[in-house]
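Structure first, commentary second.
Keep in mind it's a predicted model, so treat the numbers as computed, not measured. First listed ligand is number 1; within each ligand, the first listed atom is number 1.
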Amino acid sequence: MEENKNPDRNELGFSDGLPYGDPSPKKRFKKRSGANELSIEDLAKGVRTGDRGLLARAITLIESNAEHHFQKGQQLLQKLLPDSGKSIRIGITGVPGAGKSTFIEAFGTYLCEQGYRVAVLAVDPSSSISGGSILGDKTRMGELANNPRAFIRPSPSEGKLGGVHRKTRETMLVCEAAGFDVILIETVGVGQSEVVVRNMVDFFMLVVLTGAGDELQGMKKGIMELADAIVVNKADGNNKPLAEKTREEYKRIVHFLQPYTKGWPTQVTTCSALYYEGIDGVWKIINDFEKQTKQSGVFDARRRIQTKEWMYSMIVDQLQASFFHHPNVKLLLPKLENEVITGDRTVTSAVESLFKAYLG
Ligand code: GDP
C-alpha cells in the first residue's frame, strides 16, 4: 500500500493544502523528483506501466489543493483519459459497523484471486470533521493492502474549498489508466455522500446488518432506492436464519421501490464477509448486471450522463475556487462575515457586496 509515511507531507514533498503563493513550490517539486524533473509525460508513462510509486504520486498531484498543481493534474488527466473507462466501478455504502471494510477486504481478495486488479477508494464525509478517514486506519483491510494486485487509497483531505468529489472521480480515472479492472468506492451511509458516489459508479450496493427490524425502519428509503443490490452481511453462525429472514424482508420492500437502474430490479443477497461466504454470489450479480446493462445500452448511457454531470460539478467547483481566491473577496469576506453574524448587515446585502467586489 502506498502509505504516506509522513502525514504532513505528500509524495511530492508538499504539505497538503500548501498555501497559495508558497515561495518555492516548483523547486521542491524538482527536488523530490530526483536529478531529472519528473514531467507530466513521465508521470503518465509511469501510471500506464503500473508503477505504483508513480501512481501514488500522480494521485497526490491530483489531490493537491495548490493551484499550480491543479493545472498539472489536469494536464496529466488529459493524457490518461484515453486509457481510462475500462473498469467496472462499484460503490459500496452502509452504516458504520455494517461490515463494509470487512466486505471490501474479502471481496477485493476474492477478485485478486480471480486475476483482477482492484483499486479501493473512499469518499468520507466525516474526515473533514474528525480529521481521520474511513480508510485511514492501517489495521483495516490489512490483507488486501498487502496484496500486490490491489491498491488502497484513503480518502483525500477535504481542503478548505471542497473538491473532494472531483478528486475521487479523477483518482478513479487514473487508477483505470493504471490498469485496475475493478474500482471499489467506499462511503459511509450517512448524509449526502451516497448520492455523490452513486453518480460516479456503474453499480451501487448497500451493505446491511441482519436483524434489521429497527434498521429497516430507521433506514432512509432514499438510500435503498439508489442501490442495485442490497447485501445482508454477517450471515454466519447463529445469525444465519436471521439473515435469511432479513433478506426476505428487504426483498419485500424493494419490490415496492422504483429500481434505480432501468430494467434491473434491485437484488437482495446474503453474505458473510468475515467467513468469505457468498462473496462469489455478489460478484455474479455484478457480472449479470454489467452484461445486461451493456446489452441494453443503459450502462453506456449512464456513463455519458455521469460525465456530463461531472462537467457541471467542475464548473461549480472552479467558480467557487475562483470566487474565494479573488483578492477583493478575500479582503472583504472577514469583515462582512462579522457584520452578518452580529446582525449589522443582511446576508443578501453582504453577498451583493461580495459579488460586486468579485466582478470588479
Ligand atoms: P464498517 O464500519 O461498515 O466498515 O464495518 P467493519 O467492516 O469495520 O465491521 C464492523 C464489525 O463487524 C467488525 O467487528 C467486524 O469484524 C464485524 N463483521 C464484519 N463482517 C462480518 C461478518 O460477515 N460476520 C460477522 N460475524 N462479523 C462481521
Side-chain angles (χ1 to χ4, degrees), residues 1 90-113 118-147 150 152-155 168 182-194 196-198 201 203-216 218-220 223-224 226-227 229-247 249-250 267-286:
M1 181 171 155
I90 302 166
I92 299 173
T93 193
V95 294
K100 292 178 297 301
S101 58
T102 311
F103 176 82
I104 290 172
E105 168 108 314
F107 189 54
T109 305
Y110 168 80
L111 293 174
C112 290
E113 280 165 5
V118 182
V120 183
L121 316 175
V123 170
D124 181 4
S126 64
S127 65
S128 57
I129 301 162
S130 66
S133 94
I134 43 174
L135 290 177
D137 182 352
K138 283 176 216 143
T139 60
R140 299 176 87 221
M141 304 179 199
E143 193 182 334
L144 190 60
N146 288 322
N147 193 316
I152 299 182
R153 186 76 182 184
S155 57
T168 304
V182 183
I183 313 280
L184 303 178
I185 306 185
E186 179 191 10
T187 184
V188 175
V190 289
Q192 278 299 299
S193 58
E194 302 83 17
V196 171
V197 173
R198 171 73 264 189
V201 297
F203 185 91
F204 194 62
M205 79 169 76
L206 173 63
V207 178
V208 295
L209 292 157
T210 54
D214 298 339
E215 194 185 358
L216 274 180
M219 171 149 342
K220 280 183 275 165
I223 296 182
M224 268 191 265
L226 298 175
I230 295 174
V231 178
V232 182
N233 189 30
K234 309 196 186 185
D236 45 54
N238 295 340
N239 227 9
K240 234 174 178 169
L242 200 55
E244 284 307 317
K245 196 167 155 257
T246 309
R247 184 169 68 113
E249 282 175 35
Y250 274 107
Q267 303 291 298
V268 188
T269 188
T270 58
C271 83
S272 168
L274 200 60
Y275 295 100
Y276 285 49
E277 281 169 22
I279 302 296
D280 51 348
V282 175
W283 184 231
K284 185 179 179 311
I285 288 175
I286 296 170

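Separating the CZ atom in Phe203 from the CD1 atom in Ile286 is a distance of 4.5 Å, to the nearest 0.5 Å. We find the CG-OG1 distance between Asn233 and Thr102 to be 7.0 Å, quoted to the nearest 0.5 Å.
Within the structure, ligand 1 has Ala98 among the residues with a heavy atom less than 4.0 angstrom away.
Below 3.5 Å of separation, one finds no N or O of Cys271 facing any N or O of ligand 1. Taking distance alone, with nitrogen or oxygen atoms compared against 3.5 Å, Tyr275 stays at or beyond that limit from ligand 1. Ligand 1 has no nitrogen or oxygen under 3.5 angstrom from a nitrogen or oxygen of Ala235. At under 3.5 Å, not a single nitrogen or oxygen of Phe103, backbone or side chain, sits near a nitrogen or oxygen of ligand 1. Below 3.5 Å of separation, one finds no N or O of Pro96 facing any N or O of ligand 1.
Looking at Ile92, Ile279, Thr102, it is Thr102 that brings a heavy atom closest to atom 7 (O) of ligand 1.
Remark: Phe204 pairs with no residue by the ring pair (Phe, Tyr, Trp, His ring centres under 6.0 Å) rule, at least two apart or across chains.
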Stepwise side-chain contact (heavy atoms from CB on, under 4.5 Å) check, Asn239 with Ser272 = CA-CA 10 Å; Asn239 227 9; Ser272 168; over 6 Å; no
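The contact set between ligand 1 and Lys100, taken as ligand atoms under 4.0 Å from a residue heavy atom, comprises 1 (P), 2 (O), 3 (O), 4 (O), 5 (O), 7 (O).
In Asp236, the part holding a heavy atom less than 4.0 Å from any atom of ligand 1 is the side chain. Under 4.0 angstrom from ligand 1, the non-hydrogen atoms of Val95 all belong to its backbone.
Under the 4.5 Å side-chain criterion, counting only non-hydrogen atoms from C-beta, Ile90 is in contact with Trp283.
Between Glu143 and Thr109, the shortest heavy-atom distance links the atoms OE2-CG2, 3.6 Å. Considering every non-hydrogen atom in both Leu206 and Met224, the closest pair reads CD2-CG, 3.9 Å.
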